[in-house]
K.L.:
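Handing you this structure, nothing more for now.
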Amino acid sequence: MSQEENAKPLNFIEAMIEEDIKLNKHGRRINTRFPPEPNGYLHIGHAKSICLNFGLAKKYNGICNLRFDDTNPVKEDVEYVDSIKEDIHWLGFDWEGREYYASDYFLQLYEWAELLIKKGKAYVCDLAAEQISEMRGTPSVPAAPSPYRNRSVEENIELFRKMRAGEFPEGSKTLRAKIDLASPNMHMRDPVMYRIIYAEHHRTGKQWCIYPMYDYAHGQSDFKEGITHSLCTLEFEVHRPLYDWFLDNIIDDAEVNRTRTRQTEFARLNLNYTVMSKRLLLQLVKENHVHGWDDPRMPTISGLRRRGFTPESIRNFAERVGVAKRENTIDVGLLEHCVREDLNQKAQRVMGVLNPLKVVIENYPENQVEQLDAINNPEDESMGTRKVPFTKTLYIERDDFMEEPPKKFFRLAPGREVRLRYAYFITCKNVVKNDLGEITELICTYDPASKGGNSPDGRKVKATLHWVSATENVKAEIRLYDRLFSKENPYEVPEGRSFLDNINPESLKITEGYIEPFVKTTSEKHFQFERLGYFFTDYDSTPEKLVFNRTVGLKDSWSKISSSQE
RNA sequence: UGCCUUGUGGUGUAAUUGGCAACACGUCUGACUCUGGAUCAGAAGAGUCCAGGUUCGAGCCCUGGCAAGGCAGCCA
C-alpha cells in the first residue's frame, strides 16, 4: 500500500476491515465476493459493487470470488452469465478461477435443510402462496400460525423428501423456517426456505424441482466459500437477522460463529438522467425504446463500453462516488468528467466536421494538395504526428461562422481573420447565399506566410478552427448520443404517465460527418474530434462505412456564454 | 401503523481520544494557450434536519421531536 493510499480517508467498510485485521478476526484473511443474479446485464451500479468488492480484496491482500446467485431457474440464463463475466473482465478484474454458483451448493443446502427439520427448526407447509401472504399479518399485527407448523420431525422429513422427489405439484408445498411469528421483522415470520419449481435450471438441468430461496442460500454460500465480508445493498438490511439465524442454527461451533462471514450493507448507486433498475432497463430493451442492452445510451456496462467509456474512467468514477449508507444520487456530470479526464490523456486527436460550411480559399492554387503536420495528442508527445491534407476548398463547422457576430464570439465572421488549425490564417472576404438567403459558402483568402499556423509578423488571431478538406476526406456516420432522459429524475411524471414519457427525444441523432483521411489508416478506436468531443468507433463500423459514437462532448464555454446571452 | 437505517455546501464523500467543518464534481473570476479543450491561480457557496441538555468547547455525547428510505414475493 502506498503512502498516498494510506493518507486517504477510509470509508466505513474499510474501517471495519482494518479493525477486523487488527483483532486478527479472520487470521488476516480477507475474502469478498461479487454475487450477481444472472437475470440481466450489469449496469454502472453493479460496477460500483464490483470495484468495491474486488478493490477491497486487492487493497487488503485478499481475494474476491465471483458467485452467481442462481436460485431461481425461471429468471436466469447462460446468456447473462456470459455477459456478466465479460463485463467484469473488461472492467479490469479477475476472480482467478473462483467462479462459483449458488447451485453448486444445492446438495449441501438440502442436507442442511434436513438438519434444521431434525432440530425442529423447519417444517413443510401446505399453504398456498396467497394464504401465506394473508396470514403473515402486518408489521404491527403478528402472523397467524400455519396449521402445519407443528408437524412431527418424521412427517416433515418424509414430506420434504417427497417434495424433492417430485411427488407434489408446483406451488403446493414449501419448506419454512420456524422462527417467530410475532417478530416486527417480517422476514423472521417463518420465511419460506424452499419452493417447488418444475423448471430447467441453466446449470443443474432437471436435477432439482425444489429450489432454495435467496435468504436460505446466500449466507450459507458465503460460509462455504469462507467469505469474511459479505457486502450488499441497503434493502438487505432487514434480511441480516435471517442471514445470521440460518448460520447460527446450522453451525454448532461457537468460535466459528464468532468469526464467520458477516453481512454489511451500503447504499446503492443512483445516477440522475437515467434509470438503474434491471426491470426498467429490461422494459426499455423489450419495448425497443433503445436498441438492446448495449445501446450506448444505456447505463449498462456493455452500453457504456460501446459508448466509448474506458474501464479506467469507470473505476475512477466508482472511487470518487465513495461508499456510505446514505441514499445518494450522483450527477452524471461526474461520470462524464471521469471519461474526459481519461480520454484527454489517451485519445488520438483528429479533425472532423459534422455540420459543414464550404470555404473556398480564392488565392490558393487550384489543384494543390499540401500535407500539413498535425500533433496526434498534445498530452502525450510519444503519440507523434500525422499529415493532414489541405486544399483550396474546405469544410468548417457551420457554428464557427456568424455573419453578425455577437460580443464574445471570437470565431470567423466577415472581414475577420482566424487560424485553421495546423494550417494557415484565413480571412473571410465574402459570404455566398442561395435564393433562400441561406449561407452556402464562404470566400476567403489565406496568408501563405502563416503556414503551420503562425504568422512571421507575430500577428495574433483570437480563434483556431478545425477544418477538413472538401476533397480529401472520408465520410462517416456519426451517432450523437445524449442523456437518455430529459428529466434529472425520470420517475418524476404527472399522474398516470410513466418514466417512458421522460425519454429524451434527442438522445440519439445520426448524422454524416467528414473526417480527415488519417482516421481510416489508424487502429486507434478512441478519438477526440478536435473542439467537438470524444468519439468511439462503433462495432458497426467497417472500412467501407465508418461509424463513430459520441462518447461525450468537450467542455464548451462558448455554449454557456451563448445560451446565457439569449 | 410496528421495526430497521439514514439526515453535513447544488451533488457526493470526509472530519481517527469532543478542538476554527475538509476534499472532489459543479458554479464563478483571472492567467496561459495553435482545441472557447487541457493546465494553472483564485473566489463564492454549508455552520452540520429541528429543539433542548452535558461541556471551557458538540457535526461527533445525552434527551425529545421531525424528515427521507427500507421491510408485509413461493424475486434477488
Side-chain angles (χ1 to χ4, degrees), chain A residues 8-11 15 35-37 39 69-72 74-76 102 125 127-130 132-133 136-143 170-176 183-189 191-197 211 213-215 217-218 232-241 265 267 272 278-279 319-331 333-338 340-341 344-345 349 351 374-375 378-379 408-411 418-423 425 452-454 460-466 528-533 553-562:
Chain A
K8 251 182 28 193
L10 303 176
N11 64 48
E37 185 191 10
N39 68 343
D69 230 326
D70 56 351
T71 55
N72 186 359
V74 304
K75 289 192 176 177
E76 295 147 8
C125 180
L127 256 23
E130 311 79 61
I132 290 183
S133 174
R136 182 137 31 215
T138 69
S140 45
V141 178
E170 187 159 311
S172 64
K173 283 182 170 48
T174 56
L175 182 71
R176 293 227 258 164
S183 172
N185 183 339
M186 301 298 284
H187 295 278
M188 300 301 270
R189 323 245 268 218
V192 171
M193 293 164 60
Y194 273 93
R195 65 306 204 184
I196 300 170
I197 302 174
Y211 290 93
M213 298 288 289
Y214 164 87
D215 285 306
H218 202 90
C232 63
T233 43
L234 253 28
E235 68 270 25
F236 290 99
E237 206 144 26
V238 282
H239 293 243
R240 195 185 338 135
E265 310 83 16
N272 57 13
K278 276 190 197 173
R279 203 189 93 241
E319 184 63 41
R320 290 190 201 206
V321 299
V323 181
K325 287 185 88 106
R326 104 173 75 139
E327 310 257 0
N328 60 80
T329 303
I330 308 292
D331 193 331
L334 182 61
L335 218 207
E336 294 169 349
H337 170 264
C338 289
R340 286 197 194 99
E341 185 182 46
N344 177 47
Q345 296 303 318
R349 267 59 167 182
M351 289 194 287
I375 294 166
E379 305 292 326
K408 292 194 179 172
F409 181 87
F410 304 144
R411 283 110 91 145
V418 299
R419 171 169 38 232
L420 293 183
R421 182 148 230 227
Y422 301 126
F425 285 9
N454 282 303
K460 297 282 185 207
V461 289
K462 289 201 89 170
T464 301
L465 309 186
H466 63 277
Q528 184 197 102
F529 289 5
E530 294 218 29
R531 305 209 306 135
L532 294 176
L554 248 32
K555 271 176 53 176
D556 180 359
S557 42
W558 165 244
S559 74
K560 251 184 232 161
I561 296 168
S562 64

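Order of the sequence lines sets the chain letters (A, B, ...), proteins ahead of strands, with each chain counted from 1. Computed from a predicted structure; not experimentally measured.
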K.L.:
Indicate whether OP1 or OP2 belonging to B:G37 is found under 4.0 Å from a side-chain N or O atom of A:Ser557.
P.N.:
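It does, given that an N or O in the side chain of A:Ser557 lies less than 4.0 Å from OP1 or OP2 of B:G37.
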K.L.:
In whole angstrom, give the distance that lies between atom NZ of A:Lys325 and atom C1' of B:U13.
P.N.:
16 Å
K.L.:
Could you work out, with salt bridge (Lys or Arg N to Asp or Glu O under 4.0 Å) as the rule, every residue matching A:Lys325, not counting sequence neighbours?
P.N.:
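By the salt bridge (Lys or Arg N to Asp or Glu O under 4.0 Å) rule, A:Lys325 matches A:Glu237, A:Glu265.
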K.L.:
What residues, two or more places apart in sequence or in another chain, satisfy side-chain contact (heavy atoms from CB on, under 4.5 Å) together with A:Lys75?
P.N.:
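A:Lys75 satisfies side-chain contact (heavy atoms from CB on, under 4.5 Å) with A:Glu37, A:Asn39, A:Asn72 once adjacent residues are dropped.
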K.L.:
Between A:Ile330 (CD1) and B:G10 (C1'), how many Å, whole number?
P.N.:
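Going from CD1 in A:Ile330 over to C1' in B:G10 covers 13 Å.
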K.L.:
For A:Glu341, check salt bridge (Lys or Arg N to Asp or Glu O under 4.0 Å) against everything at least two apart and list the hits.
P.N.:
A:Arg320
K.L.:
Quantified in whole Å, what is the P atom distance between nucleotide B:G52 and nucleotide B:G45?
P.N.:
26 Å
K.L.:
Give a yes or no on whether the backbone of A:Arg136 and the side-chain of A:Arg189 come within a donor-acceptor separation of less than 3.5 Å.
P.N.:
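Yes, the answer is positive, given that a donor and an acceptor are paired below the 3.5 Å cut-off.
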K.L.:
Taking CD from A:Gln345 and C1' from B:U35, how many angstroms apart are they, rounded to a whole number?
P.N.:
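Rounded to the whole Å, the gap is 15 Å.
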K.L.:
Go through the structure and list residues passing side-chain contact (heavy atoms from CB on, under 4.5 Å) with A:Met213, not counting sequence neighbours.
P.N.:
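side-chain contact (heavy atoms from CB on, under 4.5 Å) list for A:Met213, sorted by chain: A:Val192, A:Arg195.
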K.L.:
When all nucleic acid strands are considered with a 4.0 Å heavy-atom cut-off, which category describes A:Phe529: base, sugar-phosphate, or nothing?
P.N.:
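If one applies the 4.0 Å heavy-atom cut-off, A:Phe529 turns out to touch nothing in the nucleic acid.
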K.L.:
Quick one: does A:Ser133's side chain have a donor or acceptor within less than 3.5 Å of a partner on A:Ala129's backbone?
P.N.:
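The answer is no, because no donor-acceptor pair under 3.5 Å joins these two groups.
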K.L.:
Just jot down the side-chain contact (heavy atoms from CB on, under 4.5 Å) partners of A:Ala128, sequence neighbours excluded, or say none.
P.N.:
A:Glu130, A:Gln131
K.L.:
All N/O contacts under 3.5 Å from nucleotides 67-69 of chain B to the protein, with atom names and distances to one decimal?
P.N.:
residue : atom : partner  : partner atom : Å
B:G69   : O2'  : A:Glu327 : OE2          : 2.4

K.L.:
Take atom CZ of A:Arg240 and atom C1' of B:U5, then tell me their distance rounded to the nearest Å.
P.N.:
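Roughly 9 Å, once rounded to whole Å.
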K.L.:
Under a 3.5 Å cutoff on both atom distances, Watson-Crick or G-U, what's the dot-bracket for RNA chain B ([ ] crossing, | other strand)?
P.N.:
.((((((..((((.....[..)))).(((((.......))))).....(((((..]....))))))))))).....
K.L.:
Syn or anti for B:G73, with syn set at within 90° of 0?
P.N.:
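For B:G73, whose glycosidic angle is within 90° of 0, the conformation is syn.
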K.L.:
How long is the line joining CD of A:Glu379 and P of B:U33, in whole Å?
P.N.:
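These atoms are roughly 16 Å apart.
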K.L.:
When rounded to the nearest Å, what value does the distance between C1' atoms of B:U63 and B:A58 take?
P.N.:
15 Å
K.L.:
Give the B/S/- string for nucleotides 71-76 of chain B, one per nucleotide from 5' to 3', where a protein heavy atom under 4.0 Å of the base yields B, of only the sugar-phosphate yields S, and otherwise -.
P.N.:
SBSBSB
K.L.:
In whole Å, what separates the P atom of B:A76 from that of B:G9?
P.N.:
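That atom pair is separated by 38 Å.
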K.L.:
Expressed as a whole number of angstroms, how long is the span from A:Glu319:CD to B:G12:P?
P.N.:
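A:Glu319 atom CD is separated from B:G12 atom P by 18 Å.
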K.L.:
Using whole Å, what does the distance between atom C1' of nucleotide B:A15 and atom CG of A:Asn11 come to?
P.N.:
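The answer, rounded to whole Å, is 15 Å.
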K.L.:
Look at all strands and tell whether A:Glu265 reaches a base, only sugar-phosphate, or nothing, counting heavy atoms closer than 4.0 Å.
P.N.:
nothing
K.L.:
Please check this pair: side chain of A:Thr174 against backbone of A:Arg176, looking for a donor-acceptor N/O pair closer than 3.5 Å.
P.N.:
no
K.L.:
Would you please name every residue forming a salt bridge (Lys or Arg N to Asp or Glu O under 4.0 Å) with A:Arg340, sequence neighbours left out?
P.N.:
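With neighbours one apart ignored, the set is empty.
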K.L.:
Base, sugar-phosphate, or nothing for A:Val323, non-hydrogen atoms under 4.0 angstrom?
P.N.:
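Sugar-phosphate only.
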K.L.:
What residues form a side chain to side chain donor-acceptor pair (under 3.5 Å) with A:Thr464, not counting sequence neighbours?
P.N.:
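Side chain to side chain donor-acceptor pair (under 3.5 Å) list for A:Thr464, sorted by chain: A:Arg419.
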K.L.:
Strictly below 4.0 Å, N to O, side chains only: are A:Lys555 and A:Glu336 in salt-bridge contact?
P.N.:
no
K.L.:
Between B:G47 and B:G10, how far apart are the two P atoms, rounded to whole Å?
P.N.:
8 Å
K.L.:
Please classify B:G47 as syn or anti, treating any glycosidic angle within 90° of 0 as syn.
P.N.:
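Here B:G47 takes the syn form, which means its glycosidic angle is within 90° of 0.
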K.L.:
Is it the case that the side chain of A:Asp556 and the backbone of A:Ser559 share a donor-acceptor pair, with hydrogens and angles ignored and the cut-off at 3.5 Å?
P.N.:
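Yes, the answer is positive, given that a donor and an acceptor are paired below the 3.5 Å cut-off.
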K.L.:
Please lay out, stage by stage, how A:Trp558 and A:Phe409 fare under the test ring-ring contact (aromatic ring centres under 6.0 Å, His included).
P.N.:
CA-CA 8 Å; A:Trp558 165 244; A:Phe409 181 87; 5.3 Å; yes
K.L.:
Protein-nucleotides 25-27 of chain B N/O pairs closer than 3.5 Å?
P.N.:
residue : atom : partner  : partner atom : Å
B:U27   : OP1  : A:Lys560 : NZ           : 2.9

K.L.:
Could you measure between the two P atoms, the one in B:G26 and the one in B:G69, and give it in whole Å?
P.N.:
29 Å
K.L.:
What's the separation between atom NE2 in A:His218 and atom SG in A:Cys232, rounded to the nearest 0.5 Å?
P.N.:
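One gets 7.0 Å once the value is rounded to the nearest 0.5 Å.
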K.L.:
Using the P atom as the point on both nucleotides, what is the distance between B:U13 and B:C28, in whole Å?
P.N.:
24 Å
K.L.:
Please give the distance between the C1' atoms of B:U8 and B:A68 as a whole number of Å.
P.N.:
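Looking at atom C1' only, B:U8 and B:A68 are 15 Å apart.
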K.L.:
Over how many whole Å does the gap from A:Asn272 atom CG to B:G10 atom C1' extend?
P.N.:
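Value for this atom pair: 11 Å.
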K.L.:
Kindly write out the residues that satisfy side-chain contact (heavy atoms from CB on, under 4.5 Å) with A:Glu235, not counting sequence neighbours, or none if the list is empty.
P.N.:
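Checked A:Glu235 against side-chain contact (heavy atoms from CB on, under 4.5 Å); matches are A:Thr233, A:Arg268.
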K.L.:
When rounded to the nearest Å, what value does the distance between C1' atoms of B:G7 and B:U39 take?
P.N.:
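Between the two C1' atoms, the distance is 38 Å.
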K.L.:
Do the ring planes of A:His187 and A:His239 sit parallel (below 30°), tilted (30 to 60°) or perpendicular (above 60°)?
P.N.:
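Answer is tilted, since the angle falls between 30° and 60°.
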K.L.:
Does any donor-acceptor pair link the side chain of A:Arg326 with the base of B:G12 at a separation under 3.5 Å?
P.N.:
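Per atom types, no contact qualifies.
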K.L.:
Classify the nucleic acid contact of A:Arg411 as base, sugar-phosphate or nothing, counting any heavy atom under 4.0 Å across all strands shown.
P.N.:
base
K.L.:
Categorize A:Arg189 for me: base, sugar-phosphate, or nothing, with a 4.0 angstrom heavy-atom threshold over every strand shown.
P.N.:
nothing
